[in-house]
Novice: 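Below: one structure in structure tokens.
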There are 2 protein chains.
Amino acid sequence: MKWDALEEEPCSLARTVAVIGDRWSLLILRECFLRIRRFDEFQSSLGVTRHLLADRLKKLVRFGVLRKIPYQDAPKRYEYILTQKGLDLYPIIMSIVHWGNIHMVDSRGRPLLHEHKNCHKMFDPVMVCSECGEPLTAKEVHVHPGPGARKSSPARAKAVENEAKR
Amino acid sequence: MKWDALEEEPCSLARTVAVIGDRWSLLILRECFLRIRRFDEFQSSLGVTRHLLADRLKKLVRFGVLRKIPYQDAPKRYEYILTQKGLDLYPIIMSIVHWGNIHMVDSRGRPLLHEHKNCHKMFDPVMVCSECGEPLTAKEVHVHPGPGARKSSPARAKAVENEAKR
DNA sequence: TATTGACAGTTCTAAAATAGAACTTTAGGA
DNA sequence: TCCTAAAGTTCTATTTTAGAACTGTCAATA
């Protein structure tokens with residue numbers, strides 16, 4: 001399957017994966033949220049090859065996740081900063097970090113702690129229901145075909161159907 | 001950089017990316033949460049090559065995200081089901097789906113709707129602070145080096161430092 | 001008994017993506 | 001003049017992936 005095909009799939013996860021679903025894009029975004037902005041900063045902090053970095057930055061700009069802002073005229077130089085669409089990726093990044101904090105840390109403990117400016121405490125992110133505010137777990141959620149649903153594989157259709165009536 | 005190196009990085013995001021940071025792993029996990037369990041179901045529903053599917057399933061089992069359960073003896077056949085560690089990936093999957101729902105849907109609308117069994121309403125996931133319960137945004141969070149922090153690139157160290165004192 | 005089909009992979013080759021290093025361009029400073 | 005910085009681009013070798021065919025085990029069917 002080609003990457004381009006993913007963008008067209010009638011699945012919000014597949015379409016998001018088309019944008020951020022590779023190793024380097026996620027690591028680049030991590031750096032963006034730490035306020036890394038320039039090509040060489042990304043390069044030295046990630047160890048990614050310059051070729052791939054240029055390619056991924058271009059892709060993230062194309063998808064509207066990053067914006068190229070000139071910070072110097074002669075020679076022309078740009079910074080890459082997150083757009084609102086990019087800032088909206090924060091819950092994804094945080095939930096990835098949180099899973100790593102729970103399941104992948106070694107004996108040294110967490111590499112990074114997060115403080116909430118509002119309440120001044122170190123926190124973990126918690127995912128809750130927008131309607132009742134209760135924490136969400138996989139087992140407490142049903143899925144239903146939405147208005148954008150389209151024909152999928154028989155196995156998949158069956159699974160969604162079974163799921164909806166559990 | 002090799003994939004194996006990612007697992008060793010002092011960064012919870014990098015370590016999680018080592019497990020789920022590729023296109024197919026994320027799509028396989030999506031199917032798992034829709035209760036797809038068998039090799040051929042994954043294959044027909046995803047269109048992934050059998051080779052890669054076998055490879056990714058093996059990797060997810062190795063990392064303890066999936067477990068292979070025999071469901072038939074002659075011939076030996078297995079199902080792949082999520083472990084608790086795998087179920088804990090739910091917030092990641094849901095936040096990816098949610099971002100796609102907001103930023104990547106076409107005019108047809110969402111392919112899938114989610115209902116919370118507790119309150120019987122269609123919902124969106126919201127990420128909140130574990131301490132004060134307020135919704136989280138990138139701008140309201142500080143990062144601090146934690147006990148597992150280690151030397152990183154100068155650019156990165158500088159960014160974390162600047163960040164901590166903002 | 002021979003044939004077909006389901007399931008869970010493995011093997012093969014060609015095509016695509018990635019790594020690693022060197023090179024380019026524009027400009028400022030020693 | 002030579003050196004450095006920043007932001008890429010180009011090159012070749014290696015690795016990964018795509019796509020299709022093949023294997024082995026067993027059950028059901030003709």
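To find a chain, count down the sequence lines: A is the first, B the second, and so on, and within it residues start at 1. Note that the structure is a prediction, hence the values are computed from the model and not measured.
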Novice: Can you tell me how far C1' of C/dA16 sits from CG of A/D4, to the nearest Å?
Specialist: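 Rounding to the nearest Å, CG of A/D4 and C1' of C/dA16 are 13 Å apart.
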
Novice: Measuring only between side-chain heavy atoms, which start at C-beta, is A/K85 closer than 4.5 Å to B/M104?
Specialist: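 When only atoms from C-beta onward are counted, B/M104 and A/K85 do touch, with a gap below 4.5 Å.
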
Novice: What heavy-atom pair brings B/M127 and A/S95 nearest, and what distance separates the two atoms?
Specialist: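 Minimum heavy-atom separation between B/M127 and A/S95: CE-CB, 3.9 Å.
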
Novice: What nucleotide, of D/dG8, C/dG9, C/dA8, holds the atom closest to the side chain of A/R50?
Specialist: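 Per side-chain heavy atoms of A/R50, the pick is D/dG8.
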
Novice: Does A/K58 have a side-chain nitrogen or oxygen under 4.0 Å from the phosphate oxygens OP1 or OP2 of D/dT9?
Specialist: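 The answer is yes; a side-chain N or O of A/K58 sits under 4.0 Å from OP1 or OP2.
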
Novice: Nearest nucleotide by nearest heavy atom, which residue falls closer to the 5' end of DNA chain C, A/T49 or B/K76?
Specialist: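 The residue whose closest nucleotide sits nearer the 5' end is B/K76.
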
Novice: Could you give the CG-to-C1' distance, from A/D40 to D/dA6, as a whole number of Å?
Specialist: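 Checked: the CG to C1' distance equals 5 Å.
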
Novice: Want to settle it: does A/D73 or B/L57 sit nearer the 5' end of DNA chain C, counting the closest nucleotide to each?
Specialist: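 Its nearest nucleotide being more 5', the pick is B/L57.
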
Novice: State whether A/Y71 places a side-chain N or O below 4.0 Å from either non-bridging phosphate oxygen (OP1 or OP2) of D/dA7.
Specialist: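 Looking at the OP1 and OP2 atoms of D/dA7, one of them is under 4.0 Å from a side-chain N or O of A/Y71.
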
Novice: Below 4.5 Å, heavy atoms only, C-beta onward: do A/E140 and B/Y90 meet side chain to side chain?
Specialist: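 Contact flag for A/E140/B/Y90 side chains = no.
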
Novice: Does B/R77 get its side chain close enough to the base of C/dA8, under 3.5 Å, for a donor-acceptor pair?
Specialist: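 By the distance-only test, no, there is no pair.
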
Novice: Tell me: CG of B/L53 to P of D/dA20, nearest whole Å?
Specialist: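 Rounded to whole Å, this separation is 16 Å.
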
Novice: Counting only side-chain heavy atoms from C-beta out, which of C/dG9, D/dC26, C/dT18 sits nearest to A/L52?
Specialist: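 Side chain of A/L52 sits closest to C/dT18.
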
Novice: Could you check how far CD of A/Q43 sits from P of C/dA19, rounded to whole Å?
Specialist: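 Computing the A/Q43:CD to C/dA19:P distance gives 12 Å.
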
Novice: Quick one: does A/R38 reach the base of D/dA7 with a side-chain donor-acceptor pair under 3.5 Å?
Specialist: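 Flag unset: no donor-acceptor pair detected.
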
Novice: Taking only side-chain nitrogens and oxygens of A/Y80, does any of them come within less than 4.0 Å of OP1 or OP2 of D/dA6?
Specialist: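 No, no such contact exists.
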
Novice: Can you tell me which nucleotide in D/dG8, D/dT10, C/dT18 comes closest to the side chain of A/H51?
Specialist: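 Taking heavy atoms from C-beta onward, the closest nucleotide is D/dT10.
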
Novice: Identify which nucleotide among C/dC7, C/dT18, C/dT26 has an atom closest to any side-chain atom of A/R56, counting heavy atoms from C-beta outward.
Specialist: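 Of the candidates, C/dT18 comes closest.
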
Novice: Salt-bridge test for B/D106 and B/R108: reply yes if a basic N is under 4.0 Å from a carboxylate O, no otherwise.
Specialist: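 Counted as a salt bridge, because a side-chain N and a carboxylate O are separated by less than 4.0 Å.
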
Novice: State yes or no: do B/F39 and B/V61 share one hydrophobic cluster built from I, L, V, M, F, W and Y residues joined by side-chain heavy-atom distances below 4.5 Å, directly or via other members?
Specialist: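 Per the 4.5 Å side-chain linkage, B/F39 and B/V61 are co-clustered.
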
Novice: Students often get this wrong, so: under 4.0 angstrom with heavy atoms, is B/F42 touching a base, only sugar-phosphate, or nothing?
Specialist: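 No contact.
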
Novice: To the nearest Å, how far apart are B/F39 CZ and C/dA8 P?
Specialist: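 Value for this atom pair: 8 Å.
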
Novice: Quick one: sort the B/H144 and B/H142 rings into parallel, tilted or perpendicular, breaks at 30° and 60°.
Specialist: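 B/H144 vs B/H142 ring planes: perpendicular.
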
Novice: Is the shortest side-chain N/O distance from A/K59 to OP1 or OP2 of C/dA17 below 4.0 Å?
Specialist: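 Answer no for this pair, as no side-chain N or O of A/K59 is under 4.0 Å from OP1 or OP2.
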
Novice: Nearest to the side chain of B/A74, heavy atoms from C-beta on, is which of C/dA8, D/dC26, D/dA7?
Specialist: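 Minimum distance to the B/A74 side chain belongs to D/dC26.
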
Novice: What is the separation between atom CD on A/E41 and atom C1' on D/dA7, rounded to the nearest whole Å?
Specialist: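 Taking CD of A/E41 and C1' of D/dA7, I get 12 Å after rounding.
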
Novice: Using OP1 and OP2 only, check whether a side-chain N or O of B/W24 sits under 4.0 Å from D/dT16.
Specialist: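 No, B/W24 has no side-chain N/O under 4.0 Å of OP1/OP2 on D/dT16.
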
Novice: Provide, to the nearest angstrom, the distance between the CD atom belonging to B/Q72 and the P atom belonging to C/dG9.
Specialist: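 Computing the B/Q72:CD to C/dG9:P distance gives 12 Å.
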
Novice: Check every atom of C/dA27, D/dT17, C/dG9 against the side chain of B/R23 and return the nucleotide holding the closest atom.
Specialist: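 The answer is D/dT17, which lies nearest to the side chain.
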
Novice: For A/D55 and D/dA7, what is the distance between atoms CG and C1' respectively, to the nearest whole Å?
Specialist: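 Atom-to-atom, A/D55 to D/dA7, this comes out as 15 Å.
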
